[in-house]
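Report on one structure; see the data block that follows.
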Protein chains: 2
Amino acid sequence: MNPCKEPSKEAVNMAEDDEGLLLDNQVCFALYSAANAIVRAYRPLLIELDLTYLQYLVMMVLWQSNGINVKTLGEKLHLDSGTLTPLLKRLEGKKLVQRRVSQRDERVKELFLTEQGMAVKQKALSIPDAMFCKMNLPAEELMMLKGLCEKVTKTLA
Amino acid sequence: MNPCKEPSKEAVNMAEDDEGLLLDNQVCFALYSAANAIVRAYRPLLIELDLTYLQYLVMMVLWQSNGINVKTLGEKLHLDSGTLTPLLKRLEGKKLVQRRVSQRDERVKELFLTEQGMAVKQKALSIPDAMFCKMNLPAEELMMLKGLCEKVTKTLA
DNA sequence: AACAATTATATTGCACACAATAAAATTGCA
DNA sequence: TGCAATTTTATTGTGTGCAATATAATTGTT
């Protein structure tokens with residue numbers, strides 16, 4: 001990471017006396033709070049699929065790349081096995097996913113969609129639109145938001 | 001909420017066939033992932049204060065508005081008592097906060113900083129700068145990110 | 001005044017997020 | 001070849017986030 005320059009007085013997280021400790025000046029809190037709001041907003045949309053938001057994300061990854069292993073899944077989602085293993089167990093319990101020991105390395109678990117898991121994709125096709133409606137932001141702003149969030153994630157990785 | 005118009009083909013969350021189900025097209029995932037990254041990034045900074053990120057947020061609110069009740073705290077943080085009550089109990093256990101029954105309404109708990117809770121603020125003064133350094137984004141982008149996140153939270157509320 | 005409706009907080013149960021640790025498997029090195 | 005080092009996933013423990021529910025207190029209505 002680049003050496004960190006003296007923050008300018010106009011920076012939103014600056015510490016001028018204790019202004020940096022005001023909740024309303026916290027970009028991090030805004031982001032954190034928005035993320036919670038998003039997970040909440042997905043909930044009613046995902047009831048029909050019987051998936052939580054994170055399960056939905058996992059399914060999306062598998063629809064795109066069936067057969068990947070837990071490590072790769074974790075890398076794509078920036079999550080570790082403490083989170084993924086129980087979740088995958090639950091998806092397996094729902095008969096949407098199968099975890100198989102890899103033939104070339106017995107430590108590795110490969111994740112495969114079941115027929116049922118593949119079929120759920122049809123029901124999921126309407127979710128992105130529905131969520132787009134809920135957010136009610138212009139596409140340009142959404143793309144900007146996406147880009148900035150990706151920067152944050154990459155920088156803090 | 002406004003009636004939702006037909007999403008344009010350029011929308012990032014559009015469902016053109018199954019493009020809407022690609023992880024990389026998900027602004028919501030970008031936001032969710034960035035929020036996780038932020039909480040992770042705060043962790044080492046908050047060790048010295050012996051606070052988690054959410055506890056730090058609560059303390060910030062109380063440093064700003066000592067004596068508020070649980071409902072108001074929840075409104076400011078967009079969190080409910082399921083989350084706050086155990087957390088406040090832990091802060092009380094750490095002798096940073098006291099929960100007192102309100103005189104005018106016995107259902108209401110008012111939250112007061114202890115001397116120790118007030119003193120922690122000094123140690124916290126360096127956190128915003130440190131986090132700003134970590135994020136390594138120009139202030140303009142941070143402010144834009146903050147504004148967009150606030151829009152999301154407000155819209156989805 | 002009596003009681004229904006609402007409110008504030010707490011509790012219960014479940015899913016997630018992650019640090020620390022464990023166990024087994026694989027890789028790297030002498 | 002043997003063993004140390006590393007890797008992959010799972011487990012353990014703790015804290016968070018929220019829906020559903022509970023309990024007590026307060027407000028609203030008749």
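Basis for what follows: all heavy atoms, side chains included, without hydrogens, waters or symmetry-related copies. Throughout, protein chains are lettered first and strands after them, A, B, ... in sequence-line order, and every chain is numbered starting at 1.
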Practice item. Under 4.0 Å from any atom of DNA chain C, heavy atoms only: list the residues of residues 59-68 of chain B that qualify, in numerical order. Key: none
Point to revise | Where at least one partner belongs to residues 46-55 of chain B, residue pairs that pass side chain to side chain donor-acceptor pair (under 3.5 Å), sequence neighbours excluded | key: B:Gln55-B:Lys94
Practice item. Specify the separation, in whole Å, of atom NZ of A:Lys71 and atom P of D:dT7. Key: 7 Å
Revision key, fill the gap. Those residues at least two apart in sequence (or on a different chain) that pass side-chain contact (heavy atoms from CB on, under 4.5 Å) with A:Gln98 are A:Arg100, A:Thr114
Practice item. Could you tell me which residues satisfy salt bridge (charged side-chain N to carboxylate O under 4.0 Å, His left out) with A:Arg107, sequence neighbours excluded, listed by chain and number? Key: A:Asp105
**Study point:** Heavy-atom side-chain proximity of A:Val58 to A:Leu88 below 4.5 angstrom
**Key:** yes
Exercise for review: Please report how far the helix from C:dA1-D:dT30 to C:dA30-D:dT1 bends, comparing the axis fitted to its first five pairs with the axis fitted to its last five, to the nearest 10 degrees.
Suggested key: 10°
Review point. Excluding sequence neighbours, so at least two apart, what forms side-chain contact (heavy atoms from CB on, under 4.5 Å) with A:Glu92?
Key: A:Arg99
Check your understanding: A:Ala41: what forms a side-chain contact (heavy atoms from CB on, under 4.5 Å) with it, not counting sequence neighbours?
Key -> A:Met131, A:Lys134, B:Leu156
Review point. Rounded to whole angstrom units, what separation is found between the CD atom of B:Glu110 and the C1' atom of C:dA8?
Key: 12 Å
Review point. Once you round it to whole Å, what is the distance between P of C:dC16 and CG of A:Leu46?
Key: 11 Å
Review point. Would a 4.5 Å heavy-atom cut-off, applied to side chains only, mark B:Tyr42 and B:Ile127 as touching?
Key: yes
Exercise for review: Please list all pairs passing the salt bridge (charged side-chain N to carboxylate O under 4.0 Å, His left out) test where one or both residues lie in residues 147-157 of chain A, with sequence neighbours left out.
Suggested key: A:Lys146-A:Glu150, A:Lys151-B:Glu141
Check your understanding: When every nucleotide of nucleotides 10-20 of chain D is labelled 5' to 3' by its protein contacts under 4.0 Å (heavy atoms), B for base, S for sugar-phosphate only, - for none, what sequence of letters results?
Key -> BB---SSBBS-
Practice item. Give the rounded distance in Å between these two atoms: CG of B:Leu73 and P of C:dA8. Key: 14 Å
Exercise for review: Please confirm whether the backbone N or O of A:Leu79 pairs with a side-chain atom of A:Thr83, one donor and one acceptor, at under 3.5 Å?
Suggested key: no
Exercise for review: Among residues two or more places apart or on two chains, list those pairs meeting salt bridge (charged side-chain N to carboxylate O under 4.0 Å, His left out) that have a residue in residues 68-89 of chain A.
Suggested key: none
Practice item. Return the value, rounded to whole Å, for the distance between atom OH of A:Tyr56 and atom C1' of C:dC16. Key: 18 Å
Practice item. Could you state the atom-to-atom distance from CD1 of B:Ile47 to C1' of C:dA20 in whole Å? Key: 13 Å
Practice item. Any chance you could lay out the side-chain contact (heavy atoms from CB on, under 4.5 Å) test for B:Val101 and B:Val108, step after step, and finish with the verdict? Key: CA-CA 6 Å; B:Val101 176; B:Val108 173; over 6 Å; no
Taking only N/O atoms, report every protein-nucleotides 23-25 of chain C pair under 3.5 Å with atom names and distance.
| residue | atom | partner | partner atom | Å |
| --- | --- | --- | --- | --- |
| C:dA25 | O3' | A:Glu106 | N | 3.4 |
| C:dA25 | N3 | A:Arg107 | NH1 | 2.9 |

Review point. Donor-acceptor pair, B:Thr72 side chain versus B:Ile68 backbone, under 3.5 Å?
Key: no
Point to revise | Sequence-distant partners of A:Met59, side-chain contact (heavy atoms from CB on, under 4.5 Å), two or more places apart | key: A:Leu51, A:Trp63, A:Leu91, A:Leu96, A:Val97, A:Leu113
